[in-house]
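A quick note: this is a predicted structure, and the numbers were derived from the prediction, not measured. Start at 1 and go down the list; that is how both ligands and their atoms are numbered.
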Amino acid sequence: MRILSGIQPTGDKHLGNYFGAIMRWAEQQDEAECFYTIVDLHALTFPQEPAELRRSTLDLAALLVASGIDPDRSALFVQSHVPEHPRLAWILECMTPYGDLRRMPQYREKSERQASFGVGLLTYPVLQAADILLYQPDTVPVGEDQRQHLELARDVAQRFNNRYGETFTVPVATVPQTAAKVMDLQDPSSRMSTSADSDAGVIRLLDPPDALRKKIRSAVTDSGREVVRSPDKAGVSNLIELFSAATGEPESEIESRYADTGYGPFKADLAEAVVELVTPIQTRFAELRADETELGEILAKGAMKAHAVAAQTLARAHENLGLVAPTQP
Ligand code: TRP
């Protein structure tokens, strides 16, 4: 069983990213051969400050390793280090209907907010399809928002296989049904997001413990004082789910423990549970980040493993397309 997934290097990662993706990526290493890529080329669909892109790419690499992605067991690599990605993307672009891309929900939403934008925003899902198909994965763990992109990758793979012969595994998207949906602490009706208007409701994995405690202390709660999940108590419900995600404890047990305490002690214990979760990650992150040479070597090893597989797939695609292979000197 083989898995591939990708994550954008932009934006400091938060607990929503952790419980929705990063933690699962680490767990899945026990069950599958995993390819995890930091998609820096996808980040270029919007203008990036070079120094900031460089920093956030290395930060994310260190954060993923610190969170348990084991570079010895998995291939952890930066997308731009493996040149097959844009090369296959071009080929797939030539067989992707323009209309399909124009109808992609993310494209429509993002392009509407922009006075002008590069065509990469339109072809983004094709590069994503290339990221996936190069590794012949059985499944691709993604969030709900990526379903259409996965559908497109499947369509492209099938179209290619039908026209040129079996070349790509047609991958299945796995959207975790049970993942805690972590909502913004200040606005529990929207998901915790890197692009939130205010930072106060977003817990970053690298927030210093005191900042993190303060954010939890000032999280919006609802009227009343009961620690229970209920549709009209979105704030408290979110905190209970977060507590459960951070400790692995069932939500009902948390509710009964804090049945008589009110919000104060509940929030204080939640803050300590989150601090306990992120502290070892932060410590390991600092160590990894202190040595850019070692971090670079980790990524070079990942790129080598990825390249070995990607080059094979691309060669097969070229051959099936009738592109003449260069003679080896
Ligand atoms: N588009 C994905 C996101 O924004 C990131 C991504 C790029 C990806 N390539 C991928 C995810 C390949 C899974 C597989 O979350």
Residue part near ligand 1, for [X], under 4.0 Å between non-hydrogen atoms:
{"X": "L127", "result": "neither"}
{"X": "T37", "result": "neither"}
{"X": "D145", "result": "neither"}

Ligand 1 to [X] polar contact by distance, N or O atoms, under 3.5 Å:
{"X": "Q128", "answer": "yes"}
{"X": "S5", "answer": "no"}
{"X": "H149", "answer": "no"}

For [Y], is there any backbone N or O sitting under 3.5 Å from a side-chain donor or acceptor partner on [X]?
{"X": "S193", "Y": "S195", "answer": "yes"}
{"X": "Q136", "Y": "T167", "answer": "yes"}
{"X": "N162", "Y": "Q158", "answer": "yes"}

For [X], the ligand 1 atoms whose distance to one of its heavy atoms is below 4.0 Å:
{"X": "V140", "answer": "13 (C), 14 (C)"}
{"X": "V142", "answer": "13 (C)"}
{"X": "V39", "answer": "7 (C), 9 (N)"}
{"X": "I132", "answer": "12 (C), 14 (C)"}
{"X": "L4", "answer": "12 (C), 14 (C)"}

For [atom], the protein heavy atom that lies nearest, with its residue and separation:
{"atom": "atom 9 (N) of ligand 1", "value": "D131 OD2, 2.7 Å"}
{"atom": "atom 2 (C) of ligand 1", "value": "Q146 OE1, 3.3 Å"}
{"atom": "atom 4 (O) of ligand 1", "value": "Y124 OH, 3.2 Å"}
{"atom": "atom 5 (C) of ligand 1", "value": "G6 O, 3.8 Å"}

Q.
When you compare the side chains of D40 and T57, does any donor N or O come within less than 3.5 Å of an acceptor on the partner?
A.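 Looking only at side-chain atoms, T57 and D40 do not form any donor-acceptor pair under 3.5 Å.
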Check: Does the ring of F46 carry K110 above it, NZ/CZ under 6.0 angstrom from centre and within 45° of its axis?
Finding: no
Describe, in one word, how the ring planes of Y258 and F243 are oriented to each other, choosing from parallel (under 30°), tilted (30 to 60°) and perpendicular (over 60°). tilted
* To do: Could you check whether the rings of F77 and Y135 sit parallel, tilted or perpendicular, using 30° and 60° as the cut-offs?
  => tilted
Can you check salt bridge (charged side-chain N to carboxylate O under 4.0 Å, His left out) on E319 and R316, steps first, answer last? CA-CA 5 Å; E319 157 126 26; R316 187 145 115 217; over 6 Å; no
4.5 Å side-chain heavy-atom contact, L150 and Q128: yes
Start with the C-alpha distance between I216 and I203, add both sets of side-chain angles, then the distance that settles side chain to side chain contact (heavy atoms under 4.5 Å, CB included), and finish with yes or no.
CA-CA 8 Å; I216 292 180; I203 300 186; 3.6 Å; yes
